[in-house]
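Written out below as structure tokens is the structure these notes cover.
In what follows, every chain begins at residue 1, and chains take the letters A, B, ... in the order their sequences are listed. Hydrogens, waters and symmetry mates are skipped; everything else that's a heavy atom, side chains included, is used. Values in this document were obtained by computation on a predicted structure and should not be read as measured data.
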Amino acid sequence: MSTTKHALPPGLPAPSTEEPLSAPYWKAAREGRLLVQKCQGCGRHQWGPEWICHRCHSFDLDWVEVKPRGSIYSWETPHHPVHPALTGHGPYTIVLVELPEADNIRMIGNLVGGSGAEPRIGAEVEAVFEPHDEASPPYTLVQWRIVG
Amino acid sequence: MTERTLRGKAAIAGIGETTYYKHGQSPDAEFKLALKAVLAACADAGIDPREVDGFATYGNDRSEATRLAAALGIHELRFSNMHWGGGGGGVAAAVANAAAAVHSGMANCVIAFRSLAQGQFARYGKGAQAPMAMGEDAFLWPYGLMSPAQRFAMKITRFMTENGIRHEALRAIALASYHHAQSNPRAVMQGRPLDEAKYDSSRWIIEPFHRLFDCCQENDGAAAVLVVPADRAKDLPHPPVYLLGAAQGGHHRSAAPVHNAPHYASAHFPTVARNLYEMAKCGPGDIDVLQAYENFTGGVLLGLVEHGLVKPEEANEFLVKENLLAPTGRMPLNTSGGNLAECYMHGLELVNEAVRQLRRTAINQVPDPEIAMVIGGPMVTPVSSLILGTEGTL
Ligand SMILES: [Zn+2]
């Protein structure tokens, strides 16, 4: 798992990483691992984190590591800066990534990998862990890069 | 067993609105705007405002029912109702909730309204300014996904790509709204026409389907309707406009967090539209005039498709400007200018326009309409929509 410079400029809101419902995800991301919820009752993955399994109503949700690979389900490239930190930055691409090996749950991230990375629905992507060590507390975002 | 329905049980007896302003330009405070709209709707209905006994709104409107009741000196408050969800997803639901209140006997005379002064308060199109993103937002904001447009754009990308729909289909929706606004003195965009070239050269807000003119304005103002039981409406100055159908909500897990709705490329109307037509006892072919909430033109497209008004495979062919214009188009759309060009009053202005069309007093009047539809804010959750009809439709 490689790291890159940050996809977006500093000053955007930092994720709250210590909330009980989502803390395991953020802790694992610091270690370069992708963790999601998996129901002990019915064995299915779910995302985003919730207290209950929407399928079987079990509260027994475990955190399991999943392969950080997926495909682009949809994408957008905002131009208009909606936050002061983005003023003057220019367009950036957000991807919605589907994880086929985790019951097709979807995750949001930025598409990284330079100007040659053209977003396309169906394109295969892999996670790129983006540490923000300078933040207090530090956190790691999960970005995506087109493979193949 | 008595049929459980609102069809024909309640009517809109009065409509009102303030002057509509560009955002930040209202000389009046937001609450004063709300008061003016309520008084206007009562005057239009010929009803003493003190007789109002309920208020229904949505989108976390800041003008609270109790403050309105006190300020207006109404005799008694019997119904106060805030519909969950941000933006204009609840516009039709607010009218429906008012109708449910008067039909059930909980109240007699209920105002459904929206008031907005975004000079006095924050704008919608700006992203979050908090230093930390909590809950679901922690998985969105750090990636620069913050504004309403950004929350919905990937639904549009997916739907348009899957169905091969061109951006020109969305352009037609914007052109129709701006066209209708040019003859409407209430419209903020009157005197600022839009043509294909101006649209095509407008800047990207979000690629691949959101140019500047695909996105709503933000405005200041207020609008209101007065809802009464059907029997009462018959004795009032205007021909009653009856609720034929109303529905709100969303399909299975449409609000699943972090963009995980199973049926994702949706405006969230599949079940709502079914329930709406079932109550109204009519179908898409019966709609004479249509008001569809434009937060973004892509949401209008999805709303039309999910209400059975346009087939995805026909969208490129059907969604051309001529088809959407009053009085001669095959499906007149947003005949006062809508959110894009009359005023972004979170869709309440669309309800007022639907009423004007059925009273046959609209500026861009469709010939002799009997049934009008209002589709509330698409892609949020919950969403809502409404079918209104003349006496002849009962
Ligand atoms: Zn389960």
Side-chain angles (χ1 to χ4, degrees), chain A residues 6-9 11-19 21-22 25-26 46-50 54-55 72-86 89 91-98 103-111 119-122 130 132 135 139-144, chain B residues 123-164 202-212 214-215 252-253 255-262 264-266 296 298:
Chain A
H6 298 166
L8 295 178
L12 285 170
S16 165
T17 57
E18 287 163 21
E19 293 176 65
L21 188 55
S22 57
Y25 168 90
W26 294 109
Q46 95 174 3
W47 197 250
E50 187 50 276
H54 68 86
R55 293 184 178 90
I72 295 177
Y73 187 81
S74 194
W75 62 275
E76 61 178 303
T77 301
H79 286 234
H80 179 71
V82 298
H83 189 280
L86 295 166
H89 173 73
Y92 56 96
T93 296
I94 299 166
V95 286
L96 180 59
V97 173
E98 192 171 68
D103 295 305
N104 293 324
I105 56 170
R106 301 183 207 124
M107 296 188 161
I108 296 282
N110 297 120
L111 185 65
R120 177 178 55 80
I121 290 174
E130 182 188 276
H132 290 242
Y139 60 91
T140 294
L141 297 180
V142 180
Q143 310 288 23
W144 299 89
Chain B
R123 291 185 64 183
Y124 286 90
K126 281 250 185 287
Q129 309 297 318
M132 186 165 277
M134 311 288 290
E136 182 189 4
D137 294 329
F139 299 100
L140 306 174
W141 294 358
Y143 302 100
L145 200 171
M146 313 172 107
S147 70
Q150 293 169 348
R151 280 203 293 278
F152 307 140
M154 289 192 289
K155 291 172 172 290
I156 305 305
T157 307
R158 176 95 191 169
F159 186 82
M160 302 276 284
T161 307
E162 275 188 316
N163 290 285
S202 69
R203 65 190 173 93
W204 285 114
I205 302 300
I206 302 171
E207 283 185 86
F209 294 115
H210 289 67
R211 289 191 180 277
L212 176 66
D214 292 306
C215 306
H252 175 65
R253 301 194 78 234
V258 199
H259 295 237
N260 274 266
Y264 176 75
S266 167
F296 309 100

Could you grab the distance from atom [atom1] of [X] to atom [atom2] of [Y], nearest 0.5 Å is fine?
X        : Y        : atom1 : atom2 : result
A:Leu12  : B:Leu145 : CG    : CG    : 11.0 Å
A:His80  : B:Ser147 : NE2   : OG    : 7.5 Å
B:Tyr143 : A:Gln143 : OH    : CD    : 5.5 Å
B:His259 : A:Leu96  : NE2   : CG    : 7.0 Å
B:Met160 : A:Ser74  : CE    : OG    : 11.5 Å
B:Met132 : A:Glu18  : CE    : CD    : 7.5 Å

For residues [X] and [Y], report the shortest heavy-atom separation together with the two atoms involved.
X        : Y        : value
B:Ala133 : A:Pro13  : N-CB, 4.1 Å
A:Pro15  : B:Ala138 : CB-O, 3.7 Å
B:Pro142 : A:Leu141 : CB-CD2, 3.7 Å

Classify the ring geometry of B:Phe139 against A:Trp26: parallel below 30°, tilted from 30° to 60°, perpendicular beyond 60°.
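Parallel: the ring planes of B:Phe139 and A:Trp26 meet at under 30°.
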Considering only heavy atoms, which portion of [X] lies under 4.5 Å from any heavy atom of chain B: side chain, backbone, both, or neither?
X        : value
A:Tyr25  : side chain
A:Glu76  : both
A:His89  : neither
A:Val142 : both
A:Leu8   : side chain

Report yes if the side chains of [X] and [Y] come closer than 4.5 Å at any heavy-atom pair, otherwise no.
X        : Y        : result
B:Arg158 : A:Ile121 : yes
A:Ile108 : B:Trp141 : no
B:Asn260 : A:Gln46  : no

Distance-only donor-acceptor check, side chains B:Arg203 and A:His79, under 3.5 Å
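No donor-acceptor contact under 3.5 Å links the two side chains.
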Chain A heavy atoms under 4.5 Å from [X]: which part of the residue, side chain, backbone, both or neither?
X        : result
B:Pro131 : backbone
B:Thr157 : both
B:Glu136 : neither

Looking only at A:Gly11, A:Pro119, A:Gly109, most heavy-atom pairs under 4.5 Å shared with chain B are made by A:Gly109
